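Scroll down for the structure; my scribbles are underneath it.
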Amino acid sequence: MPYTESITGSDYTLVTRRNNSLSPLGLRMLFVGMFLLFATVAIVFMWVVGTWLILPFSGLEIVVVAVVFYHITSHVGDYERIEISGDRVSVEQKDGRKMCKAEFQRAWVRVVLEEGEFGMRLLLRSHGREIELGRMVRYDERLALAKQLGRHLAE
C-alpha cells in the first residue's frame, strides 16, 4: 500500500506517497541510455544516409524527454500527511514545490466521498472549507482510506 499509518496513544498519523517505480538514479540512467540511443541513431542516419535534418529533430526529441523526466523527478517526494491529535486534525500536502497545510477541529471535520470530473474524490470538510486527500492512491485504496479516517475521527 502506498500509505503508512502510525498510532501512538490517542494520536494517529497517516502518510500517503506516490508509487515511484524508479529511483532518481534509475531515472537518470534511463535518460542517459535514451540520449545515447537517440544520438546514435541520428548520427548513423546522418553519416550513412546523408539526412542531416534528423539532427535538429533528434535534439528536439531529447529536449522533450528531458522536460518529462524533470517533471517526474520534481514529484518524487510528494506526500500527504494527516495527523489526528487530541481535538485537532492537521493535513500537510507537498506537490512538487508547492506546500499546503490545513488544520481542522476534530469534532467538526467530516470525511466526504464525492464523484468528481475524473472519478471519486476524498475530501475533509469543516465550516465551509475542504481539502482533497488521497490523490496519490488508487480508487479502492481511497475507499479504505476514507473508512480508516472516519473510524479514527469518531474515536
Side-chain angles (χ1 to χ4, degrees), residues 1-6 12-85 88-104 109-150 152:
M1 293 223 171
Y3 58 88
T4 56
E5 297 178 282
S6 68
Y12 173 73
T13 303
L14 180 100
V15 179
T16 63
R17 297 189 184 281
R18 292 190 183 278
N19 183 9
N20 298 316
S21 46
L22 273 179
S23 67
L25 175 63
L27 281 169
R28 275 187 244 125
M29 289 174 47
L30 180 62
F31 177 74
V32 167
M34 290 176 75
F35 172 80
L36 291 174
L37 177 69
F38 295 156
T40 303
V41 168
I43 290 170
V44 166
F45 270 89
M46 186 186 77
W47 285 104
V48 173
V49 182
T51 54
W52 63 270
L53 272 175
I54 198 168
L55 286 178
F57 289 104
S58 183
L60 181 63
E61 186 176 41
I62 290 169
V63 168
V64 168
V65 170
V67 168
V68 169
F69 275 48
Y70 175 77
H71 177 75
I72 290 170
T73 57
S74 68
H75 288 277
V76 165
D78 291 359
Y79 68 90
E80 293 177 339
R81 184 171 192 265
I82 302 119
E83 185 176 342
I84 302 172
S85 178
R88 68 178 182 83
V89 177
S90 61
V91 179
E92 181 178 304
Q93 295 176 323
K94 181 182 180 294
D95 186 15
R97 294 182 182 187
K98 188 171 58 171
M99 190 77 140
C100 176
K101 294 182 181 184
E103 195 165 306
F104 302 98
V109 72
R110 298 290 171 249
V111 178
V112 179
L113 290 171
E114 179 180 278
E115 281 299 320
E117 186 177 346
F118 301 107
M120 185 191 61
R121 295 174 40 188
L122 171 60
L123 304 166
L124 282 184
R125 278 192 186 146
S126 177
H127 293 91
R129 289 181 21 210
E130 69 181 19
I131 190 164
E132 185 175 356
L133 301 174
R135 294 173 294 146
M136 299 179 217
V137 296
R138 294 187 329 247
Y139 177 82
D140 58 329
E141 293 170 339
R142 205 171 294 151
L143 290 172
L145 186 63
K147 288 178 185 176
Q148 286 175 335
L149 283 173
H152 286 285

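These numbers come from a predicted model, not from an experiment.
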query: How about Leu149 and Leu133: do any of their side-chain heavy atoms sit closer than 4.5 Å?
result: yes

Steps toward salt bridge (charged side-chain N to carboxylate O under 4.0 Å, His left out) verdict (Lys98, Asp78): CA-CA 9 Å; Lys98 188 171 58 171; Asp78 291 359; over 6 Å; no

- request: Without swapping roles, check the side chain of Arg142 against the backbone of Gly134 for a donor-acceptor pair under 3.5 Å.
  value: yes

message: Measuring from atom CD of Glu114 to atom CZ of Arg125, what distance do you get when rounded to the nearest 0.5 angstrom?
response: 4.5 Å

field: Distance (rounded to the nearest 0.5 Å) between Glu103 CD and Ser126 OG
entry: 11.0 Å

- prompt: When you measure from the side chain of Lys94 to the backbone N and O of Gly96, does any donor-acceptor pair fall under 3.5 Å?
  reply: yes

- prompt: Does CE belonging to Met120 count more than 12 external heavy atoms closer than 6.0 Å?
  reply: yes

- prompt: Parallel under 30°, tilted from 30 to 60°, perpendicular over 60°: which one fits the rings of His152 and Tyr12?
  reply: parallel

field: Side-chain heavy atoms of Leu124 within contact of Val111, under 4.5 Å
entry: yes

task: Looking only at non-hydrogen atoms, find the nearest pair between Leu27 and Phe69 and report the distance.
output: O-CE2, 3.4 Å

Heavy-atom side-chain contact between Ile131 and Gln93 under 4.5 Å: yes

field: Nearest-0.5 Å distance that lies between atom CG in Leu122 and atom CG in Leu113
entry: 5.5 Å

Side-chain atoms of residues 33-60: list all donor-acceptor pairs with protein atoms under 3.5 Å, sequence neighbours left out, distances to 0.1 Å.
from: Thr40; atom 1: OG1; to: Leu36; atom 2: O; distance (Å): 2.6
from: Thr51; atom 1: OG1; to: Phe45; atom 2: O; distance (Å): 3.4
from: Ser58; atom 1: OG; to: Phe38; atom 2: O; distance (Å): 3.3

message: I'd like to check Glu92 versus Tyr79 (side-chain heavy atoms, cut-off strictly below 4.5 Å). Are they in contact?
response: yes

